[in-house]
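Below is one structure, written out as structure tokens; comments come after it.
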Amino acid sequence: MDRYNFKISETKWQQEWEKRGSFEVTENSMRPKFFVLEMFPYPSGRIHMGHVRCYTIGDVVARYKRASGFNVLHPMGWDAFGLPAENAAFENNVHPAKWTRENISAMREQLKSMGLSYDWRRELSTCEPEYYRHEQKMFLDFLEAGLAYKRESWVNWDPVEQTVLANEQVIDGCGWRSGAPVVRRLLSQWFLKITEYADDLLESLSELDRWPDQVRLMQANWINRSEGATVNFALSGREDTLEVFTTRPDTLFGASFCAIAPNHPLALALSEDDPALAQFIDHCNRLGTSEAAIETVEKEGYLTSLTAQHPFSEDWELPVYVANFVLMEYGTGGIFGCPAHDQRDLDFARKYDLKVVPVVAPNGKETFEITDEAFVGDGKIINSKFLNGLDVDAGKQRAIEELERLGSGSSKISYRLRDWGVSRQRYWGCPVPIIHCSACGTVPVPEVDLPVTLPEDVDFIQSGNPLDRHPTWKFVKCPKCGEPAERETDTFDTFFESSWYFVQFGAQDQARRFSRSEADYWLPVDQYIGGIEHAILHLLYSRFFSRALTDCGYLNVKEPFAGLLTQGMVCHETYRDPTEVTGGWMFPEEVLRQSDGEFINRNSGAPVIAGRSEKMSKSKRNVVDPESIIRTYGADTARLFMLSDSPAARDLEWTDAGIEGAWRYTNRLWRMVAEPSDPIAPFRTAAPSKFDNHSKELLRKIHRTISDVSADFDAFRFNRAVARIRELTNALASFTGGGDDRAWTRRFGFEISAQLVAPVMPHLAEELWSILGHKTLLTDTPWPRADECFLSEETVTLAIQVNGKLRDTIELPVDVDSVIAEERALALESVARALDSATPRKVIVVPNKVINVVF
RNA sequence: GCCCGCUUGGCGGAAUUGGUAGACGCAAGGGACUUAAAAUCCCUUGUCCGAAAGGACGUCCGAGUUCGAGUCUCGGAGCGGGCACCA
């Protein structure tokens with residue numbers, strides 16, 4: 001019994017597609033366009049299973065759409081700037097540029113071995129000046145349009161390494177290398193005005209009907225538009241006021257304190273004469289800048305000497321705290337606390353023994369006490385003078401009216417979304433095209449001087465940004481006055497590159513920027529595919545960029561991604577050597593599963609502990625190398641397994657048994673066509689005039705499969721599509737006999753099988769197509785269409801229930817009269833037994849589905 | 001801490017709008033072929049009671065809506081993603 005030789009076949013068809021330029025596209029086509037894009041990879045060194053999964057999904061969509069008559073753009077590129085290259089430079093003394101470019105070459109070869117239908121002519125790499133020069137121009141345009149500005153903002157600072165740390169590099173409040181406690185530090189940095197588009201970014205979410213609801217909801221919550229009010233508290237004995245933002249002005253009569261952020265100007269001013277406060281602020285600043293760190297830390301406050309005057313009551317004074325949970329970045333950097341109706345305020349009040357006065361009672365309750373849970377629901381306002389008796393919404397409105405009348409506040413819409421800080425104090429990124437002149441200030445690099453190229457003659461011996469230490473690079477003449485000046489040594493956040501790369505794929509020639517007509521033709525991306533972990537930042541930044549680029553005349557599209565598919569992670573069981581106290585993680589290939597289900601070390605025979613399945617990661621060593629899988633089983637089998645077991649959106653568990661099963665199927669399908677045990681009609685035989693019942697039944701199955709698989713691909717239900725194709729294979733395998741009608745039907749079934757499986761296993765499908773006698777490529781063959789007249793059934797099986805429990809099934813003609821159906825059901829012996837001589841009270845007949853006899 | 005998900009046999013999963021729970025695959029057990037093994041093919045397989053017919057139970061847990069709930073509502077548990085300088 002022969003086996004499918006995937007090595008020969010896969011190489012052959014990959015070469016054939018390349019020779020013919022099968023996947024090269026232009027915008028000059030009579031076919032409608034379809035832009036399929038997978039999130040481009042960071043070139044970390046080698047592809048991992050997550051890449052294989054994502055790019056397999058994208059390739060199925062691209063090939064399916066291509067066969068379905070679309071002019072498909074399906075490109076690939078490299079998100080090539082970023083921190084890991086600098087870490088590699090630091091650890092292995094290899095230049096980030098060399099490391100990155102070598103990784104790209106290696107990964108490109110790996111991707112090519114998967115047989116992905118990319119137009120490789122459009123490949124781009126974000127670390128090359130031909131790419132990033134365009135974003136330097138974009139930045140200058142943003143500056144001109146008022147969409148970029150500079151201000152001070154906080155970073156994590158490692159006092160030992162004397163360098164800025166990414167949040168990822170802060171572990172338990174300490175620098176990852178030095179172990180020294182991290183402090184916050186203010187730096188002057190560039191920001192992009194994403195908040196200018198906050199409303200539009202929020203409202204347009206409703207138009208993104210081919211995005212997962214989950215992602216739209218996450219984005220909406222991230223932007224978080226909230227209607228409320230600003231309230232100005234007069235400060236006793238001072239001229240200035242304390243401005244706070246609140247979404248609950250209706251609860252003002254329940255206020256028991258005010259709190260400001262540790263870095264609020266008022267707090268900083270007070271700390272000059274208050275060493276204890278200065279110490280408290282210092283203590284707060286020892287926390288990293290991440291929201292998770294701030295929100296999970298124990299709530300602490302420092303009571304200042306300030307007192308705030310309640311706007312609605314002459315002699316009501318509130319204490320003012322500096323509190324570690326108040327964010328300077330949100331609202332005004334100050335709050336008023338109403339413990340009865342906000343859980344965090346309640347916790348704070350309990351800790352510092354502040355009053356808790358309920359001012360909203362749940363509907364139907366006259367009196368109301370708060371114990372350890374704040375009441376945040378709707379109700380009637382109490383204890384609040386002129387607000388009493390109103391509901392929450394009316395109370396908000398009335399309170400704002402009163403604030404406005406008193407001149408101590410007004411209604412205000414606030415967003416949680418903050419402007420995007422794009423400055424990074426790092427080497428391996430796109431240089432910010434700005435020159436600092438002592439006379440002229442901040443001067444943009446003139447367009448003719450672009451690109452500002454990243455110098456490659458740098459060293460990584462010291463920590464910090466090597467651009468700062470470069471002997472010549474930053475010293476330039478001021479473009480305005482000609483006097484000596486200095487380049488900005490910050491680079492852009494790498495999200496900058498990934499916010500517009502999809503547009504650049506439209507350019508036929510990657511040596512130049514995309515043209516307006518190319519962008520107009522290809523955008524938006526019709527189907528975008530990537531990990532759920534990018535649900536907020538990358539997607540939101542890209543949506544902002546499209547708007548900003550549209551406003552600057554580059555494009556005319558607000559929403560860059562019309563369809564979005566977020567795929568789950570690839571997971572694997574973890575293994576540990578029990579003799580190791582910490583770590584001891586083992587690679588799957590070091591472990592052997594015995595017949596009793598226990599695991600042992602493949603070499604030593606020592607026992608191994610198997611842990612639960614987790615996302616494949618280098619640190620836990622629960623990784624399987626795609627290259628070795630492709631070498632052992634071929635790309636098609638790897639692709640099949642990636643799609644067959646789990647829905648795309650869910651996590652996928654890698655198992656050896658699973659890939660083995662996929663490999664068996666690959667061979668089974670190949671053998672069925674290449675070494676058929678029953679006759680096949682010759683190539684291009686006309687259909688016989690008559691079919692026997694078996695052939696008719698199989699024809700129905702074939703057409704039903706075409707219909708189902710097409711619907712499954714349309715809805716990205718790849719696992720179900722694979723199951724349907726396997727069912728067809730099973731039906732073909734048990735279809736024997738050799739008359740003309742059967743031989744013809746068998747050929748038809750084989751051809752359809754090859755066509756349906758082609759998006760998933762393109763090499764095998766091409767091989768089968770060729771074996772079946774075709775001289776043209778399956779890749780250039782239109783998607784099959786199901787013949788409607790084979791899809792309708794004459795009878796249907798109905799479930800017969802008694803009191804909702806299944807008792808029987810009956811076969812009835814489709815759309816049979818309800819009265820007849822009911823009679824047939826009641827006549828059943830099984831129904832009579834279940835009724836046990838009781839009289840049916842009513843009978844519910846759902847046509848073609850179920851009959852429920854209720855007694 | 002906050003936001004968003006997920007949870008169905010021994011395992012991955014299937015189940016159009018609420019209408020026959022377990023498609024398809026994996027694993028396991030039995031059989032055929034073989035000197036033998038591998039490969040391949042056939043059969044069985046949610047749990048429990050029963051010789052069988054048949055019956056009871058069963059979709060993370062607890063309530064609810066409904067003739068009928070894996071699916072809808074409320075409450076809870078466990079696991080995962082994100083939290084603005086990882087990408």
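So you know, we letter chains A, B, ... as the sequences are listed, proteins then strands, and number each from 1.
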Considering only atom [atom1], compute the distance from [N] to [M] and round it to an integer number of Å.
{"N": "B/U44", "M": "B/G10", "atom1": "C1'", "answer": "15 Å"}
{"N": "B/G31", "M": "B/A56", "atom1": "C1'", "answer": "33 Å"}
{"N": "B/C60", "M": "B/G70", "atom1": "P", "answer": "10 Å"}
{"N": "B/A15", "M": "B/U71", "atom1": "P", "answer": "15 Å"}
{"N": "B/G58", "M": "B/G62", "atom1": "P", "answer": "10 Å"}
{"N": "B/C4", "M": "B/U17", "atom1": "C1'", "answer": "25 Å"}
{"N": "B/U45", "M": "B/G30", "atom1": "C1'", "answer": "11 Å"}
{"N": "B/G55", "M": "B/G64", "atom1": "P", "answer": "27 Å"}

Is it the case that [N] (base atoms only) and [X] (side chain only) share a donor and an acceptor within less than 3.5 Å, ignoring hydrogens and angles?
{"X": "A/Asn852", "N": "B/C67", "answer": "yes"}
{"X": "A/Gln425", "N": "B/C85", "answer": "yes"}
{"X": "A/Arg841", "N": "B/C67", "answer": "no"}
{"X": "A/Gln189", "N": "B/C85", "answer": "yes"}

For [X], which contact category applies under a 4.0 Å heavy-atom criterion: base, sugar-phosphate, or nothing?
{"X": "A/Ala535", "value": "nothing"}
{"X": "A/Ile844", "value": "base"}
{"X": "A/Ser423", "value": "base"}
{"X": "A/Val854", "value": "sugar-phosphate"}
{"X": "A/Leu417", "value": "base"}
{"X": "A/Glu653", "value": "nothing"}
{"X": "A/Lys805", "value": "sugar-phosphate"}
{"X": "A/Tyr665", "value": "nothing"}
{"X": "A/Pro647", "value": "sugar-phosphate"}
{"X": "A/Asn224", "value": "nothing"}
{"X": "A/Arg720", "value": "sugar-phosphate"}

Inset, instruction - Please determine which of A/Gln189, A/Glu329, A/Arg418 meets the side-chain hydrogen bond (donor to acceptor under 3.5 Å, both in side chains) test together with A/Ser153. - result: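 In the set A/Gln189, A/Glu329, A/Arg418, the residue that makes a side-chain hydrogen bond (donor to acceptor under 3.5 Å, both in side chains) with A/Ser153 is A/Gln189.
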Inset, instruction - Identify which one of A/Asp493, A/Asn465, A/Asp490 satisfies the side-chain hydrogen bond (donor to acceptor under 3.5 Å, both in side chains) criterion when paired with A/Arg424. - result: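 Among the candidates, only A/Asp493 passes.
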Short side-chain N/O contact from [X] to OP1 or OP2 of [N], under 4.0 Å:
{"X": "A/Asn730", "N": "B/G25", "answer": "yes"}
{"X": "A/Arg717", "N": "B/U16", "answer": "no"}
{"X": "A/Arg724", "N": "B/A14", "answer": "no"}
{"X": "A/Arg668", "N": "B/C24", "answer": "no"}
{"X": "A/Arg418", "N": "B/C85", "answer": "no"}
{"X": "A/Thr494", "N": "B/A87", "answer": "yes"}
{"X": "A/Arg3", "N": "B/A39", "answer": "no"}

Would you mind telling me which of [options] lies closest to the side-chain atoms of [X]?
{"X": "A/Thr296", "options": "B/C85, B/C24, B/G1", "value": "B/G1"}
{"X": "A/Ala723", "options": "B/U20, B/A23, B/C26", "value": "B/A23"}
{"X": "A/Gln801", "options": "B/G13, B/G55, B/U20", "value": "B/U20"}

Legend entry - Paired nucleotide for B/G64 [Watson-Crick or G-U wobble; both distances under 3.5 Å]: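 B/C72 - that is the nucleotide pairing with B/G64, both distances being under 3.5 Å.
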Legend entry - For the student: nearest non-hydrogen atoms of A/Met761 and A/Thr637, plus distance: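 Smallest interatomic distance, heavy atoms only, reads CE-N, 4.4 Å.
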Legend entry - Anti or syn - B/G9, cut at 90° from 0: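 Base orientation relative to the sugar is syn.
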